[in-house]
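This report refers to the structure that appears directly beneath it.
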Amino acid sequence: MEPENLKPIFYWSGIIIYLVLELRYSYRTSSVSKIKRWLSNLPLSIVNGIAYHFIFQGSITALLLFTKEKQIGLLQHFDLPDWLKISIGILILDFTIYIWHLLNHEVPLFWRFHRVHHSDMNMDVSTANRFHFGELFFSGFIRLAIVYTFGIPILSYILFEILVNLTTQFHHSSIKISSIFEKFWIVLLVPPSMHRIHHSVKIKERNSNYGVVLSIWDRFLGTLAGNIDQEKIIMGIGSHRNFNKLEFWYLLKMPFTKKTL
Ligand SMILES: [Zn+2]
């Protein structure tokens, strides 16, 4: 099976499982209509999934095979056991996604696209794939560059795809989770409370907690924010508070509307 084909399988399984859990063990009552939000978020992720599949699937798979066969990339030059190479490959991919996420907040051009994700006024499993294709388009090229530069092992890439899907859907989900579980989880990974702060309408809170799979990058690089009253977090972005306007077609053109913080 080609690595990129795993995406839809894990995506749809996650959507169904987390939706059931959100309805059964809801973290908080939605401030806006969940159905209307899903009618924006789901079509966006379907369009993205199809476009990404056709543009990047073949090239990423071909590059993974090519770098392995030709021994291209930094990791290929070290005589390490396979399990260590695979683990380092996963760490490199996760660190790259952390830096890329930070740049999406710091570089005005990238923020134009990334604000589509942050404009969601509630957060649940559907938010995990609410992205503008422009952002995914840039990130596809970054992935190709990272695979080529580091010679990422195929298994690292496949495992990382699975991890990203499971963890992003989990930390966006609106499931009531015990604080004890979150305290253990945050030692290495990103729990929903940590990512909820990142979705705060307050810019200082939003520009923190960039981690996707691992929480360690935020801790080591000083971007970790905690001790925020979770009940008081208002989600979304200050410049886009008109919920009725935030439908599918508007989200598609949002990056090309006026610049906002
Ligand atoms: Zn963000």
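Keep in mind the model is a prediction, meaning the values are calculated, not measured. Whatever order the structure lists ligands and atoms in, that order sets their numbers, starting from 1.
Aromatic rings from Trp217 and Phe95 are positioned such that their centres are separated by under 6.0 Å.
A pairwise comparison of heavy atoms in Leu64 and Pro153 identifies CD2-O, 4.4 Å as the closest pair.
Protein N/O/S atoms found under 2.8 Å from the Zn ion (ligand 1): His101 NE2, His105 NE2, His114 NE2, His118 NE2, His198 NE2.
Using modelled atom types, no side-chain atom of Ser200 and backbone atom of Met235 make a donor-acceptor pair closer than 3.5 Å. The closest donor-acceptor contact from the side chain of Arg112 to the backbone of Thr257 lies under 3.5 Å.
Tyr27 carries Arg196 over the face of its six-membered ring, with the cationic atom under 6.0 Å from the centre and within 45° of the normal.
The ring pair (Phe, Tyr, Trp, His ring centres under 6.0 Å) search around His171 returns His195, not counting sequence neighbours.
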